[in-house]
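Model, not experiment: these values are computed from the prediction. For this chain, numbers begin at 1 and follow the sequence in order.
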Amino acid sequence: MDLPWGDPRSNKFATTIGLITSDGPNKQNIMACEWTHHLSYRPGLIAVSLGPNKATVENIMTTKEFGVNLCATNQTILSSVAGGYSGRYFDKINALKELGFQFYKGNKINVLMVKESSLNVECKLFQQITFGDHVMLIGEVEMPLLTPKNHH
């Protein structure tokens, strides 16, 4: 699926925190990732650069899929929890649910997505490249939603 220039979904990639959701050996997980980049319109490609030992990386390498949820302005607490704890030792999803944040199951991937984010994009792992001390996981867009509130 393409993510073309000028599309309102493409314009969401300005300067915001990516909330990366995954599932796998470390169970359902979410992490904050400031290094979230839109790489290509056709095909729609999104990259996240992560430390190679992160629970999220292990999940994505196992399942070959992940969610990119761009943080909305009212989700600063969510991003603090997602970025401040390891998914190996802390169930961030349930903690966030207890704080009132909501999730929904992806349409094309078996990963939770963050309700009311600025943008939700479901990705299948397209390529991985190691750069120095980080691994860039490139996802091909499977399902972008302009307004996640329309999701039932």
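Connection of Trp35 to Leu70 is not established within any shared hydrophobic cluster, with ILVMFWY side chains joined at heavy-atom distances below 4.5 Å, either directly or through further cluster members.
A search for side-chain contact (heavy atoms from CB on, under 4.5 Å) contacts involving Val57 returns Leu50, Lys54, Met61, Val135, Leu137, not counting sequence neighbours. Residues passing the salt bridge (charged side-chain N to carboxylate O under 4.0 Å, His left out) test with Glu140: none are found, sequence neighbours excluded. Not counting sequence neighbours, the partners of Thr63 by the side-chain contact (heavy atoms from CB on, under 4.5 Å) test are Glu65. Partners of Ser86 according to the side-chain contact (heavy atoms from CB on, under 4.5 Å) rule, which considers only residues two or more places apart in sequence or in another chain, are Arg88, Tyr89.
The nearest pair of heavy atoms linking Cys33 to Val48 is SG-CB, 4.1 Å. For the residue pair Gly87 and Ala55, the shortest heavy atom distance occurs at C-CB, 4.2 Å.
Val114 is not listed as a side-chain neighbour of Gln102, based on a closest heavy-atom distance of 4.5 Å or more. Inter-residue side-chain proximity for Phe101 and Lys115 is flagged as unmet; no heavy-atom pair is nearer than 4.5 Å.
Side chain of Gln75 to main chain of Ala72: a donor-acceptor pair is present (N/O by atom type, distance under 3.5 Å, no hydrogens or angles). The main-chain N or O of Lys124 is never found under 3.5 Å from a side-chain atom of Glu142 such that the two would form a donor-acceptor pair. Remark: side-chain polar atoms of Thr21 are paired, donor with acceptor, to backbone N or O of Leu112 under 3.5 angstrom.
The SG atom of Cys71 sits 12.0 Å away from the CG atom of Leu119 when rounded to the nearest 0.5 Å. Interatomic distance, CZ of Phe103 versus CE of Met113, reported as 11.0 Å (0.5 Å rounding). A distance of 8.0 Å separates OG of Ser40 from CG of Asp2, quoted to the nearest 0.5 Å. Summarising the geometry, atom CG belonging to Asn26 is positioned 4.5 Å from atom CG belonging to Asn59; distances are rounded to the nearest 0.5 Å. A distance of 7.0 Å separates CD1 in Ile109 from SG in Cys123, rounded to the nearest 0.5 Å.
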Side-chain donor-acceptor pairs under 3.5 Å in residues 90-99, sequence neighbours left out?
from: Asp91; atom 1: OD1; to: Ile93; atom 2: N; distance (Å): 3.4
from: Asp91; atom 1: OD1; to: Asn94; atom 2: N; distance (Å): 3.1
from: Asp91; atom 1: OD2; to: Asn94; atom 2: ND2; distance (Å): 2.7
from: Lys92; atom 1: NZ; to: Ile30; atom 2: O; distance (Å): 2.6
from: Lys92; atom 1: NZ; to: Ala82; atom 2: O; distance (Å): 3.0
from: Lys92; atom 1: NZ; to: Tyr85; atom 2: O; distance (Å): 2.9

Worked check of side-chain contact (heavy atoms from CB on, under 4.5 Å) between Ile17 and Thr36: CA-CA 7 Å; Ile17 295 171; Thr36 301; over 6 Å; no

side-chain contact (heavy atoms from CB on, under 4.5 Å) between Phe66 and Thr56, intermediate numbers included: CA-CA 9 Å; Phe66 60 99; Thr56 296; 6.0 Å; no

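Using modelled atom types and a 3.5 Å distance limit, the side chains of Asn29 and Ser22 yield no donor-acceptor pair. A side-chain donor-acceptor contact under 3.5 Å links Asn69 and Asn120.
A 6.0 Å sphere centred on NZ of Lys64 holds more than 12 heavy atoms belonging to other residues, nucleotides or ligands.
Ile138 forms part of a hydrophobic cluster together with Leu39, Leu45, Phe126, Ile129, Phe131, Met136, judged by ILVMFWY side-chain heavy-atom separations under 4.5 Å.
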